[in-house]
Amino acid sequence: MKKIINFCLAAAAVFMLAGCAAPSPFEYGNNWLIRENDIPQYYSKFDLFYIGKAPSGYGDTHDIQFNWTKTHTNDIFGRGVRVFAPEIQQLDVENVTAALEYYLENFHKDGHPFVLLAEGKAADLLYSAMQEVDGLTVENGFIAAYLPDMQPKTAEQIADDFYWDDLKAAAGADDYGVIVTWTSCINNEKMPPQPENVYNINPLNWQLGSQAASRQENIQAVFYMPEHKNIFWRKVEVKNFCGAVIDPALGVLKINCPLPLLHVADGKFTSNCISIFAGNIAANARNRTEKLIKFREWKSLQ
């Protein structure tokens, strides 16, 4: 396993520090923005583990962070999903790894389907944390990690990074044990050069090629708009919000969005692609989960 390499060095420390180890901060409910959201294990289609914080332009109060998280989890995936979203004051690999490890060891039931979700910098941290923990296998129920706008990688890099767990970049709409990512280019913004053969999948049609997906294929965008004074207007749902197409030459997913409908900071879009493709991500997570369940049923008959 991943941690065996360090086992010998760690063993001596365990004996020396026995009885003195500090408890994990994630033992306490106040270090979770959402923990289980009152959905019992037997009712949950799958677990969702989410890492993310509202952009600085939205504010940094506990209520802002909770509402941002709720909009990106409960409001997108619905009541049949058990949500775990730790509140991490300092987003770094160590803290994200500790939170993911605590979820896997204390809340996840062996074999129960689960999905990971983050974007941008949080996606980079979650990707790194995934390389440090045990339990991210199809046999243990791992469906997919949706990590839009993480640092671009090739499909080969992703497969190499998760060789021991046999995880790969998603190849379509219904494989499981996969990493799902794309690099967003919104409204032709200027982008830095991307690596050659960078991996992108289109979250509207779940294809790797350059076939364009129309706005009619966008099930629903779900935005959190903190500037509204009325709390009931802060969640905005927009069907058929925008289309998207992969540009292989640029190595990006090109997205054309109607600017007035989005919250902006300093005149620019905030990094918010989970919101833009919310309905499609949720539907796809359900689809991948159903495929794994059907595969298990088929295997049980063999």
Side-chain angles (χ1 to χ4, degrees), residues 1-4 41 44-51 73 76-77 80-84 96-97 99-105 107-119 122-182 197-203 205-208 274 277 280-302:
M1 304 300 285
K2 300 174 188 175
K3 298 171 187 172
I4 288 179
Q41 175 84 48
S44 168
K45 294 182 177 67
F46 58 86
D47 289 353
L48 176 70
F49 180 87
Y50 171 79
I51 294 288
T73 55
I76 291 175
F77 289 86
V81 175
R82 209 167 60 135
V83 174
F84 295 86
V96 173
T97 301
L100 178 58
E101 190 169 53
Y102 192 86
Y103 158 72
L104 289 168
E105 293 180 355
F107 294 117
H108 176 254
K109 180 181 177 182
D110 290 349
H112 186 71
F114 66 102
V115 168
L116 310 182
L117 179 68
E119 64 182 316
D124 289 327
L125 297 174
L126 187 51
Y127 185 93
S128 296
M130 290 170 63
Q131 295 175 274
E132 299 297 326
V133 302
D134 294 320
L136 296 183
T137 63
V138 170
E139 291 74 15
N140 199 31
F142 175 66
I143 301 295
Y146 294 86
L147 304 175
D149 293 324
M150 71 176 193
Q151 287 296 312
K153 298 182 185 296
T154 65
E156 291 75 16
Q157 285 178 299
I158 292 172
D160 287 345
D161 286 343
F162 296 99
Y163 170 80
W164 294 108
D165 291 326
D166 195 27
L167 308 184
K168 298 177 175 64
D174 55 10
D175 44 357
Y176 37 80
V178 293
I179 312 299
V180 181
T181 188
W182 60 87
N197 297 320
V198 66
Y199 170 79
N200 284 289
I201 192 166
N202 191 324
N205 57 23
W206 304 105
Q207 295 190 20
L208 303 177
I274 292 174
F277 302 113
N280 294 75
I281 293 173
N284 185 251
R286 289 192 292 270
N287 177 54
R288 294 181 194 273
T289 300
E290 289 169 2
K291 293 295 182 181
L292 175 59
I293 291 171
K294 288 180 180 179
F295 173 74
R296 286 175 170 176
E297 292 173 347
W298 175 80
K299 288 286 287 184
S300 69
L301 298 175
Q302 301 305 302

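Starting from 1, each residue takes its place in the sequence as its number. Just so it is clear, the values below take in all heavy atoms, side chains as well, and ignore hydrogens, waters and symmetry mates.
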Taking CD in Gln151 as the centre, count heavy atoms belonging to other residues, nucleotides or ligands within less than 6.0 Å. Is the count above 12? no

side-chain contact (heavy atoms from CB on, under 4.5 Å) between Met130 and Leu147: does it pass, once the steps are laid out? CA-CA 12 Å; Met130 290 170 63; Leu147 304 175; 4.3 Å; yes

So how far is it from Lys109 NZ to Leu104 CG, rounded to the nearest 0.5 Å? 15.5 Å

With rounding to the nearest 0.5 angstrom, report the CD1 to CG distance, Ile76 to Leu117. 7.0 Å

Closest contact, heavy atoms only, Val81 versus Asp47: CG1-C, 4.4 Å

Output field: ring centroids Phe84/Tyr50 closer than 6.0 Å: no

Check: Asn284 side chain, Ala173 main-chain N or O, donor-acceptor pair, under 3.5 Å: yes

Would you say the side chain of Trp206 lies within less than 4.5 Å of the side chain of Arg288, judging by non-hydrogen atoms? yes

Indicate yes or no for a side-chain donor-acceptor contact from Tyr199 to the backbone of Ala170 under 3.5 Å, with no hydrogens or angles considered. yes

Identify, with sequence neighbours excluded, every residue that meets side chain to side chain donor-acceptor pair (under 3.5 Å) alongside Lys291. none

Tell me if the aromatic rings of Tyr127 and Phe162 count as close, with their centers under 6.0 Å from one another. yes

Identified ring pair (Phe, Tyr, Trp, His ring centres under 6.0 Å) partner of Phe142 from the options Phe49, Phe46, Phe114: Phe114

